[in-house]
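First the structure, in the form of structure tokens, and then the observations on it.
Every number for a ligand or one of its atoms is a count from 1 in the order of the listing.
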Amino acid sequence: MATRDFHLSYTVYDSVDALPSEDAALMRAALDATRLSYAPYSRFRVGAAARMQSGAIVSGSNQENASYPVGICAERTLLSVASTLYPGEPIDTLAVTAAGSREPISPCGICRQSLLEFQGRTGRPLRLLMGGEFGPVWVVEDARGLLPLAFTTDNLLP
Ligand code: THU
């Protein structure tokens, strides 16, 4: 019998303006992306922006549907855009925010699963900046920390 624990380190910045300038610019791009959100049901407009390894910026926003489960989060919209425009290229840093929010937006469970697989298949840690329109920003250096004991491709049978 053994007890094991998980440890998650993350950095807290007081505001977007306190971030290093490249990260602050990415948070602003994420906030810009909230304008393209389609969220008539929740009225919660989420935006995400990523800096690819090459420096290119891609963005995404949440897109809802009258059949609620059909809606897709900003983070997964972004991952689809990134995979389509820059197939196989790692994401260096991904920022997520929501219009009007005063709390950091933390990706949902499904998005964590998608982020983890994206990181795994592109072979480079994906940094995440989680913020709101106002207030603090949390930074994690590796998407794996957000999904302990994850189910991955390694668990599938040969
Ligand atoms: N949402 C995102 O787009 N990303 C998150 O990290 C959290 C939630 C969306 C899904 C839905 O359109 C709305 O926010 C309310 O849950």
### Query
Hey, are D23 and R28 close enough for a salt bridge, meaning a charged N less than 4.0 Å from a carboxylate O?
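No, no charged N to carboxylate O under 4.0 Å.
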### Query
Distance only, no hydrogens: is a donor on one side chain within 3.5 Å (strictly under) of an acceptor on the other, for R35 and S61?
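On atom types as modelled, these side chains do not qualify, holding no pair under 3.5 Å.
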Listed pairs under 3.5 Å, donor-acceptor, residues 139-146 side chains, sequence neighbours left out:
unit_1 : atom_1 : unit_2 : atom_2 : d
E141   : OE1    : R127   : NE     : 3.2
D142   : OD1    : Q119   : NE2    : 2.7
D142   : OD1    : R144   : N      : 2.8
D142   : OD2    : R144   : NH2    : 3.1

### Query
E64 side chain to Y41 main-chain N or O, any donor-acceptor pair under 3.5 Å?
yes
### Query
Is there a side chain to side chain donor-acceptor pair (under 3.5 Å) between S101 and R45 once you walk through the steps?
CA-CA 9 Å; S101 179; R45 289 177 292 126; over 6 Å; no
### Summary
Only one of L115, V81, I110, N62 passes side chain to side chain contact (heavy atoms under 4.5 Å, CB included) with R76, and that residue is I110
### Residues in the immediate environment of ligand 1 (any heavy atom closer than 4.0 angstrom)
S42, F44, V46, N62, E64, C73, A74, E75, I105, S106, P107, C108
